[in-house]
Amino acid sequence: MLSILAITTATQLGADVEHCENGNEALELVCDGLKAQRNYDYILMDCQMLPMNGYEATRRIRIEEERYGVRIPIIALTAHTSGTEAMEAGMDAHLNKPLKTNELMEVIESIETKE
């Protein structure tokens, strides 16, 4: 679950935010969006959720994206890892909690320049 601070930060930056309680909900939202040809610009993924954590949700999202020829940037948010596990799961970047606006913008700019 994204923290209130992360949701507030993204909203203040002008993002429309859809909040999920766990990886199952995130996977369902992304799959529904893919089916409706309504893709998300970015996913901020908390890694420590139950019953499905952010790593597993990301792996499953990547499988679904392949069916549609789409890749949505996924940014890991966690206080419990260095980011290696996030990258191995298929995430594009890693940020430590608490989320800082300038760091989020730097990661988004980095992702945008890679595309």
Side-chain angles (χ1 to χ4, degrees):
M1 177 171 79
L2 283 180
S3 68
I4 297 299
L5 178 59
I7 294 168
T8 301
T9 299
T11 302
Q12 288 174 339
L13 290 171
D16 292 327
V17 177
E18 291 191 49
H19 177 255
C20 299
E21 291 293 324
N22 58 57
N24 293 327
E25 288 182 22
L27 177 60
E28 184 178 333
L29 271 178
V30 171
C31 287
D32 289 348
L34 290 169
K35 289 174 191 168
Q37 297 180 340
R38 177 184 44 87
N39 297 327
Y40 293 94
D41 294 322
Y42 289 91
I43 298 170
L44 300 179
M45 182 72 76
D46 190 325
C47 295
Q48 304 301 319
M49 301 179 286
L50 294 174
M52 183 191 302
N53 66 35
Y55 305 114
E56 182 61 25
T58 297
R59 285 190 278 278
R60 292 186 185 192
I61 287 168
R62 293 299 185 220
I63 291 168
E64 289 299 314
E65 289 173 328
E66 286 181 21
R67 296 175 58 204
Y68 295 90
V70 172
R71 184 175 171 96
I72 304 165
I74 300 177
I75 302 169
L77 295 177
T78 184
H80 303 291
T81 183
S82 65
T84 303
E85 189 174 2
M87 298 305 164
E88 289 172 354
M91 296 180 187
D92 298 281
H94 169 265
L95 290 173
N96 290 317
K97 290 180 184 177
L99 180 63
K100 296 180 178 106
T101 304
N102 63 322
E103 292 175 356
L104 176 60
M105 293 308 299
E106 287 173 10
V107 165
I108 289 173
E109 288 174 17
S110 172
I111 291 170
E112 291 292 319
T113 58
K114 289 179 186 175
E115 294 180 352

Item to check | Option from Ile111, Ile43, Leu99, Asp92 for which side chain to side chain contact (heavy atoms under 4.5 Å, CB included) with Ile75 holds | outcome: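 Between Ile75 and the candidates, side chain to side chain contact (heavy atoms under 4.5 Å, CB included) is satisfied uniquely by Ile111.
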
Within this structure, what is the [atom1]-[atom2] distance for the pair [X] and [Y], rounded to the nearest 0.5 Å?
| X | Y | atom1 | atom2 | result |
| --- | --- | --- | --- | --- |
| Asn22 | Met52 | CG | CE | 7.5 Å |
| Thr113 | Ile108 | OG1 | CD1 | 12.0 Å |
| Leu34 | Glu66 | CG | CD | 11.5 Å |
| Cys47 | Met91 | SG | CE | 4.0 Å |
| Asp46 | Glu21 | CG | CD | 10.5 Å |
| Glu103 | His94 | CD | NE2 | 10.5 Å |

Give a yes or no on whether [X] and [Y] share a hydrophobic cluster (residues Ile, Leu, Val, Met, Phe, Trp, Tyr; joining criterion: side-chain heavy atoms under 4.5 Å apart).
| X | Y | result |
| --- | --- | --- |
| Met105 | Leu44 | yes |
| Ile63 | Ile72 | no |
| Ile74 | Tyr68 | yes |

Distance-minimising heavy-atom pair for [X] and [Y]:
| X | Y | result |
| --- | --- | --- |
| Met45 | Ala26 | CE-CB, 4.3 Å |
| Glu65 | Val70 | CB-O, 2.8 Å |
| Val17 | Ala10 | CG2-CB, 3.8 Å |
| Ala86 | Ala76 | CB-CB, 3.6 Å |
| Glu64 | Cys31 | CG-SG, 3.4 Å |
| Leu77 | Lys97 | O-CE, 3.7 Å |

Checklist entry - Who are the side chain to side chain donor-acceptor pair (under 3.5 Å) partners of Glu56, not counting sequence neighbours? => result Arg59, Arg60

Checklist entry - Is there any salt bridge (charged side-chain N to carboxylate O under 4.0 Å, His left out) pair reaching into residues 35-45, and which pairs are they, with sequence neighbours excluded? => result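 Sorted pair list: Glu18-Arg38.
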
Item to check | Asn102 CG: over 12 foreign heavy atoms closer than 6.0 Å | outcome: yes

Checklist entry - Has the side chain of Ser110 got a donor or acceptor atom that lies under 3.5 Å from a matching backbone atom of Glu106? => result no

